[in-house]
S.K.: 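Take this structure first; my questions come after.
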Amino acid sequence: RQSDAVDEAIARAVDAGVTVVAAAGNRGEDACGYSPGSASAAITVGASTVGDAVDEYSNVGACVDIFAPGTYIWSAGSNASTEFLFRSGTSMACPIVAGTAAVHAS
């Protein structure tokens with residue numbers, strides 16, 4: 001759910017010069033109803049499919065600033081240092097935008 005405390009903490013971080021990139025959430029609902037995606041100071045990221053459409057699980061709405069690939073992302077697993085698997089979610093799309101923001105800022 002949306003948290004004023006989380007949204008305010010993000011606003012303070014941004015005011016201090018930190019770029020905050022937040023996952024929109026994976027409920028297929030309005031991202032404005034869930035933190036951190038509701039934070040207007042953050043760059044809120046939704047997930048797109050391989051075909052460049054908004055994926056059905058991705059939160060959407062006015063609080064989403066950008067969509068990035070978030071479906072079937074080859075990712076490190078947690079069971080072994082050599083485990084890899086496909087994952088999907090706005091938390092898979094978020095690092096793509098965060099990396100782009102970091103390159104742009106440097």
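What you are looking at is a predicted structure, and each value in this text was computed from that prediction instead of being measured. Each residue takes its place number in the sequence, starting with 1.
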S.K.: Could you give all pairs that pass the ring pair (Phe, Tyr, Trp, His ring centres under 6.0 Å) test and reach residues 24-46, with sequence neighbours left out?
M.R.: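 For residues 24-46, and leaving out neighbouring residues, there are no ring pair (Phe, Tyr, Trp, His ring centres under 6.0 Å) pairs at all.
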
S.K.: Test: disulfide (SG to SG under 2.5 Å). Region: residues 3-77. Which pairs qualify, not counting sequence neighbours?
M.R.: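 Qualifying pairs: C32-C63.
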
S.K.: Mind jotting down which residue pairs meet the side chain to side chain donor-acceptor pair (under 3.5 Å) criterion with at least one end in residues 9-18? Sequence neighbours excluded, please.
M.R.: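 Found E8-R12.
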
S.K.: Going by side chain to side chain contact (heavy atoms under 4.5 Å, CB included), name the residues that satisfy it together with S40, two or more places apart in sequence or in a different chain.
M.R.: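 Partners of S40 under the side chain to side chain contact (heavy atoms under 4.5 Å, CB included) test: none.
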
S.K.: How far apart are the C-alpha atoms of T71 and D55, what are their side-chain angles, what is the distance that settles it, and do they pass the side chain to side chain donor-acceptor pair (under 3.5 Å) test?
M.R.: CA-CA 8 Å; T71 303; D55 209 318; 2.5 Å; yes

S.K.: So which atom in S58 and which in A47 form the shortest heavy-atom distance, rounded to 0.1 Å?
M.R.: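 Smallest interatomic distance, heavy atoms only, reads OG-N, 2.9 Å.
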
S.K.: Rest of the hydrophobic cluster containing V64 (Ile/Leu/Val/Met/Phe/Trp/Tyr, side-chain heavy atoms under 4.5 Å)?
M.R.: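 So far as hydrophobic clustering goes, V64 is joined with V54, V60, F67.
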
S.K.: Determine the minimum heavy-atom distance between I10 and A39, stating which atoms define it.
M.R.: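 Taking every non-hydrogen atom into account, CD1-CB, 3.7 Å.
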
S.K.: Could you list the donor-acceptor pairs under 3.5 angstrom formed between side-chain atoms of residues 98-106 and any protein atom two or more places apart in sequence or on another chain?
M.R.:
from	atom 1	to	atom 2	distance (Å)
T100	OG1	I96	O	2.9
S106	OG	V103	O	2.9

S.K.: Tell me the closest heavy-atom pair linking S38 and D7, and the distance in Å.
M.R.: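 Taking every non-hydrogen atom into account, OG-OD2, 2.8 Å.
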
S.K.: What are the two closest non-hydrogen atoms of V6 and S35, and how far apart are they?
M.R.: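 Distance-wise, the nearest heavy atoms are CG1-CB, 3.9 Å.
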
S.K.: What disulfide (SG to SG under 2.5 Å) pairs are there with at least one residue in residues 74-106, not counting sequence neighbours?
M.R.: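 The answer is none; no pair qualifies.
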
S.K.: Determine all donor-acceptor pairs shorter than 3.5 Å in which one atom belongs to a side chain in residues 84-93; sequence neighbours excluded.
M.R.:
from	atom 1	to	atom 2	distance (Å)
S88	OG	Y72	N	2.9
T90	OG1	G25	N	3.1
T90	OG1	N26	OD1	3.1

S.K.: List the residues meeting side-chain hydrogen bond (donor to acceptor under 3.5 Å, both in side chains) with D4, not counting sequence neighbours, and say none if there are none.
M.R.: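 For D4, the residues satisfying side-chain hydrogen bond (donor to acceptor under 3.5 Å, both in side chains) (neighbours in sequence not counted) are Q2.
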
S.K.: Heavy atoms only: give me the nearest P69-I73 pair and the separation to one decimal.
M.R.: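 Closest approach of P69 to I73: O-CD1, 3.8 Å.
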
S.K.: Rounded to the nearest 0.5 Å, how far does CG of D65 lie from OG1 of T44?
M.R.: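 Output value for this atom pair is 5.0 Å.
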
S.K.: With N79, which residues qualify under side-chain hydrogen bond (donor to acceptor under 3.5 Å, both in side chains), at least two apart?
M.R.: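 Partners of N79 by the side-chain hydrogen bond (donor to acceptor under 3.5 Å, both in side chains) criterion, ordered by chain and then number, come out as E83.
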
S.K.: Test question: given the 4.5 Å side-chain rule for I, L, V, M, F, W and Y, name all other residues clustered with Y57, or answer none.
M.R.: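 Members other than Y57 - counting any ILVMFWY side chain reachable under 4.5 Å - there are none.
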
S.K.: Ignoring hydrogens, what is the shortest heavy-atom contact between A22 and A42? Give both atom names and the distance.
M.R.: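 Smallest interatomic distance, heavy atoms only, reads CB-CB, 4.1 Å.
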
S.K.: Who else is in the cluster with I43 when I, L, V, M, F, W and Y are joined by side-chain contacts under 4.5 Å?
M.R.: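 Direct or chained contacts put I43 with V21, V45, I66, V97.
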
